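Notes for the one structure printed next.
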Amino acid sequence: MTKYEYLFRPLKVGKTEIKNRIFMPPISTNLADKGYVTEELIQHYATRAKGGVGLIVTEVVTVEPTYIYLPGDMSIHDDSFIDGWRRLYEEVHKYGAKLLPQLFHPAYMAFPIPGTPQLIAPSNVGPYYAKAAPRAVTKEELKVIIRQFGEAAYRVKRAGGDGVEIHAAHAHGLLGGFLTPLYNKRCDEYGGDINGRLRLTLEVIEEVRKKCGEDFIIQVRISGDEYSDGGLNLNDMTYVAKQLEKAGVDILHVSGGNTVKRASSMPAPGTKQGSHTDLSAYIKKQVTIPVATVGRITEAWMANEIIANDLADAVMMGRANLCEPEYVNKVAEDREIEIRPCIGCGRCLNGIMFGKRISCTINPSFELVNEDTLTEAKEKKNILVIGGGAAGMEAAYVAKKRGHHVVLCEAGEQLGGQIHVACVPIGKQEMTKVVQYMAHRLEKIGVEVRLNTPVTPELLAGEFKDYEVIAAAGAKPNVIENFTCFKQWATADDILAGKAFPGRKIAIIGGGSVGCELAEYLAPLVNDRFVRNRDITVLEMAQEIMMTESGSARSVLVQRMLAKGVKIECLAKVTKVTEDTITYEQNGTEHTISDADTLIFATGYHVDPKVEEMLKAAGVTYHLIGDGLKVGNLKDAIAGAYELTKEM
């Protein structure tokens with residue numbers, strides 16, 4: 001019996017009973033083929049159903065053919081899609097889960113592929129990234145769209161579906177856009193006050209209910225508060241929730257934020273779990289239908305507390321179930337130590353808008369669902385893994401799982417490698433769970449781990465003479481030698497590892513992720529001009545900091561840096577350093593920092609060639625992975641190790 005009893009109590013939604021309270025919210029995958037359900041999509045959702053999820057909401061499902069939301073999104077705009085959906089439902093229902101397509105019209109947020117007509121919107125107001133203004137949709141067009149929502153829902157029912165989710169949250173798409181005053185500036189019956197702006201959503205609900213009957217779940221996703229000046233707030237949405245209940249909605253999916261205010265709807269690492277529970281709890285008191293909450297819920301204790309404390313009736317756990325398909329089953333069986341931990345990095349959705357498929361930093365075998373699909377190697381080998389960082393631990397685990405004899409040697413006193421440095425900045429603590437998880441797997445599967453054991457030519461020639469070697473020895477931080485004349489200097493890694501301690505007036509060269517995370521870590525918690533606060537300047541050569549990053553984590557980090565008073569100088573190239581001064585050029589003008597007491601290098605990393613040189617000299621068969629092959633991020637390291645060893 002699980003200790004999280006509240007999570008596994010059935011929930012009645014309309015006329016349907018859901019087996020537990022752990023739901024999976026919509027997450028785009030780009031796994032569809034021109035809108036059609038693919039075998040990969042069936043596998044994706046069926047695996048989460050097999051993993052124990054009670055109810056799954058699919059990614060966006062468009063209801064008409066003209067406007068495409070993502071290059072690989074799903075659709076059900078005509079009868080040709082029904083067969084694929086029927087096969088999807090057959091697989092998901094095998095495991096007792098329910099599945100709701102998220103019906104959606106992208107409107108002004110459509111992907112502007114060639115040939116797409118001018119985008120439509122409530123008014124001629126588009127998102128901040130729009131390249132052209134949309135046009136206001138006409139009332140005659142709205143009649144057609146309402147009918148299309150109803151027909152799409154009816155196709156779901158004909159395919160054997162359980163119901164649908166209607167997306168009206170986040171100032172997102174047509175319905176969300178009509179609801180928010182940020183985008184709806186209409187003066188007809190579909191605009192003005194809250195009743196006018198809600199009208200379209202209510203008419204869609206009415207059409208769906210008329211077409212599909214009372215035994216068909218209608219769930220509506222709303223933002224309980226958009227957290228934005230001029231946007232919807234909790235007072236508005238409490239009233240909206242009551243109107244939705246009166247309209248016959250069976251369950252509310254209460255999110256928060258919008259697409260205008262970055263990081264408000266998809267919480268970043270380091271932000272609180274259950275980020276929108278204040279909203280769901282308040283709305284839940286005002287209605288009698290079930291209310292689900294969402295927002296960075298990754299741990300079972302938190303999910304259970306939400307239900308136990310009456311903050312919601314169900315929890316939407318998206319990235320957790322994405323990262324660990326067996327999440328619910330492992331929670332039910334008290335095997336939390338075996339749950340692959342989501343770190344909230346958001347890289348699962350990096351590139352989604354440009355057609356890239358969904359992926360996961362911690363789950364490299366995402367396309368194969370999980371590592372249980374690994375097959376035993378035909379030829380068993382003796383394998384030596386050099387380096388106990390993420391890449392080394394992944395390689396050792398996969399190689400052992402395939403039946404090889406594996407020894408992992410780590411020069412240091414603990415496993416984890418660079419993660420021990422990477423987890424130090426604010427909001428990065430969850431990375432410690434990755435080390436715990438990977439180390440536990442190695443112990444459970446029986447990999448021989450030797451700590452404090454640097455691999456030497458003598459070991460390669462002796463004990464490991466006949467071993468095939470996988471080297472994941474990590475990278476070294478770059479140091480600009482000409483600038484080491486400064487009176488006190490260190491690398492970012494030195495500071496984060498506690499090997500060096502900075503003064504009060506700090507210049508950081510490099511405004512990538514490492515430099516920015518370090519700056520915020522060293523900055524005062526409160527920017528109150530206290531005399532002992534650190535004064536920090538980040539010098540970045542590019543036109544903006546963290547150019548290669550996107551998403552909520554970047555947005556929140558930059559906001560915190562600015563709030564703490566970190567000075568950010570872009571297009572700034574450091575040209576000269578003396579013992580006491582740092583000079584940089586910016587827009588053709590030379591500037592000198594003469595009062596800094598510490599210079600920190602956050603200028604990237606380089607592969608350490610010494611390990612490969614040793615392996616070449618020893619004449620062994622070897623493979624380089626992780627930062628031992630090419631400097632990259634955690635996702636690159638784990639994925640590279642997996643790709644190599646799954647074929648060895």
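Here the structure is a predicted model, which means the values were calculated and not measured. All residue numbers in this chain count up from 1 along the given sequence.
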(message) Looking at every non-hydrogen atom in both residues, tell me the closest pair between Val328 and Gly52 and how far apart they are.
(response) CG1-O, 3.3 Å
(message) As an exercise, state the distance from CD1 of Ile56 to CZ of Arg48, rounded to the nearest 0.5 Å.
(response) 8.5 Å
(message) Between Asp162 and His93, does the side chain to side chain contact (heavy atoms under 4.5 Å, CB included) criterion hold? Intermediate values first, please.
(response) CA-CA 10 Å; Asp162 308 294; His93 285 165; 2.9 Å; yes
(message) Please give me the minimum heavy-atom distance between Met561 and Cys516, naming the atom from each residue.
(response) SD-CB, 3.6 Å
(message) Quick check for you: to the nearest 0.5 Å, what is the distance between Arg560 atom CZ and Leu562 atom CG?
(response) 11.5 Å
(message) Looking only at the side chains, is there a donor atom on one of Tyr239 and Asn195 sitting less than 3.5 Å from an acceptor on the other?
(response) yes
(message) Any non-hydrogen side-chain atom of Val144 less than 4.5 Å from a side-chain atom of Glu64?
(response) no
(request) Please confirm whether the backbone N or O of Thr62 pairs with a side-chain atom of Ser75, one donor and one acceptor, at under 3.5 Å? (result) yes
(message) Test your reading of the model: is there a side-chain donor-acceptor pair from Tyr327 to the backbone of Thr298, 3.5 Å cut-off?
(response) yes
(request) Measure across Pro364 and Ala639 and return the closest heavy-atom pair with its distance rounded to 0.1 Å. (result) CB-CA, 3.8 Å
(request) Would you mind listing every side-chain hydrogen bond (donor to acceptor under 3.5 Å, both in side chains) that reaches into residues 113-131, with sequence neighbours excluded? (result) Tyr128-Arg262
(message) Ignoring hydrogens, what is the shortest heavy-atom contact between Arg197 and Leu179? Give both atom names and the distance.
(response) NE-O, 2.8 Å
(request) Decide yes or no for Glu299 and Pro341: does some side-chain heavy atom of the first lie under 4.5 Å from some side-chain heavy atom of the second? (result) no
(message) Could you go through Thr138 and Glu140, starting from their C-alpha distance and side-chain angles, then the distance that decides it, and tell me whether this counts as side-chain hydrogen bond (donor to acceptor under 3.5 Å, both in side chains)?
(response) CA-CA 5 Å; Thr138 68; Glu140 288 304 309; over 6 Å; no
(message) Whether the side chain of Tyr183 engages the backbone of Phe178 through a donor-acceptor N/O pair (distance < 3.5 Å, no angle test) should be reported.
(response) no
(message) Using only atom types and a distance under 3.5 Å, with no angle test, would you say the side chain of Asn30 pairs donor to acceptor with the backbone of Ile352?
(response) yes
(message) For the residue pair Tyr45 / Glu59, report whether a side-chain donor-acceptor contact shorter than 3.5 Å exists.
(response) yes
(message) I'd like to know whether NZ of Lys50 has more than 12 heavy-atom contacts from other residues, nucleotides or ligands below 6.0 angstrom.
(response) no
(message) As an exercise, state the distance from CZ of Arg186 to NZ of Lys139, rounded to the nearest 0.5 Å.
(response) 8.0 Å
(message) Does atom CD (Glu206) have a neighbourhood of more than 12 heavy atoms from anything else shown, all under 6.0 Å?
(response) no
(request) Check for a donor-acceptor pair, side chain of Arg21 on one end and backbone N or O of Pro10 on the other, with a separation under 3.5 Å. (result) yes
(message) One pair to check against side-chain hydrogen bond (donor to acceptor under 3.5 Å, both in side chains): Asp236 and Thr238. What are the steps and the verdict?
(response) CA-CA 6 Å; Asp236 299 323; Thr238 301; over 6 Å; no
(request) Check whether more than 12 heavy atoms from other residues, nucleotides or ligands sit under 6.0 Å from atom NZ of Lys210, and answer yes or no. (result) no
(message) Pair Ile22, Asn321 - check side chain to side chain contact (heavy atoms under 4.5 Å, CB included), show working.
(response) CA-CA 10 Å; Ile22 301 178; Asn321 279 295; 4.1 Å; yes
(message) Looking at every heavy atom in both Gly84 and Val37, which two are closest together, and how far apart are they?
(response) O-CG1, 3.6 Å
(request) Examine Tyr69 together with His172 and report whether their ring centres are nearer than 6.0 Å. (result) yes
(message) Please tell me whether Glu226 and Ser228 have a donor and an acceptor in their side chains that are separated by less than 3.5 angstrom.
(response) no
(request) Rounded to the nearest 0.5 Å, what's the gap from CZ on Arg319 to SG on Cys360? Could you check? (result) 10.5 Å
(request) Please identify each residue that fulfils ring pair (Phe, Tyr, Trp, His ring centres under 6.0 Å) with Phe149, with sequence neighbours left out. (result) none
(request) Tell me, with the steps shown, if Asp215 and Lys157 meet side chain to side chain contact (heavy atoms under 4.5 Å, CB included). (result) CA-CA 10 Å; Asp215 61 345; Lys157 184 169 185 176; 3.4 Å; yes
(message) More than 12 heavy atoms of other residues, nucleotides or ligands under 6.0 Å from NZ of Lys356: yes or no?
(response) no
(message) Do Ser365 and Lys646 pair up side chain to side chain, a donor and an acceptor below 3.5 Å, judged on atom types alone?
(response) no
(message) Using a strict threshold of under 4.0 Å (side-chain N to carboxylate O), is an ion pair present between Asp79 and Arg158?
(response) yes
(message) Any heavy-atom pair between the side chains of Ile568 and Glu540 that's under 4.5 Å?
(response) no
(message) Restricting to non-hydrogen atoms, name the atom on Ile358 and the atom on Cys348 that form the minimum distance, rounded to 0.1 Å.
(response) CG1-O, 3.3 Å
(request) Measure from the side-chain N and O atoms of Ser280 to the backbone N and O of Ala292, and report whether any donor-acceptor pair falls under 3.5 Å. (result) no
(message) For a 4.5 angstrom cut-off between non-hydrogen side-chain atoms, does Cys345 reach Lys635?
(response) no
(message) Nearest 0.5 angstrom please: Ile297 CD1 to His276 NE2, how far?
(response) 9.0 Å
(request) Answer yes or no: are there more than 12 heavy-atom neighbours, outside Tyr154 itself, under 6.0 Å from its atom OH? (result) no
(request) Have a look at Gln219 and tell me which of Glu165, Gln102, His167 forms a side chain to side chain contact (heavy atoms under 4.5 Å, CB included) with it. (result) Glu165
(message) Assess the residue pair Leu557 and Met546 against the criterion (side chain to side chain contact (heavy atoms under 4.5 Å, CB included)); give the C-alpha distance rounded to whole Å, side-chain angles, the decisive distance to 0.1 Å, and a yes or no.
(response) CA-CA 10 Å; Leu557 172 57; Met546 291 192 289; 3.6 Å; yes
(request) Enter the distance from Arg209:CZ to Ile218:CD1 here, rounded to the nearest 0.5 Å. (result) 3.5 Å
(message) Please determine whether a side-chain nitrogen of the Lys or Arg among Arg147 and Glu203 lies less than 4.0 Å from a carboxylate oxygen of the Asp or Glu.
(response) no
(request) Verify the neighbour count for atom CG of Asp229: are there more than 12 heavy atoms of other residues, nucleotides or ligands below 6.0 Å? (result) no
(request) For atom OH of Tyr282, decide whether the heavy atoms of other residues, nucleotides or ligands shown that lie under 6.0 angstrom number more than 12. (result) no
(message) Taking Glu324 first and then Lys330, would you say they form a salt bridge - that is, a charged N and a carboxylate O separated by under 4.0 Å?
(response) yes
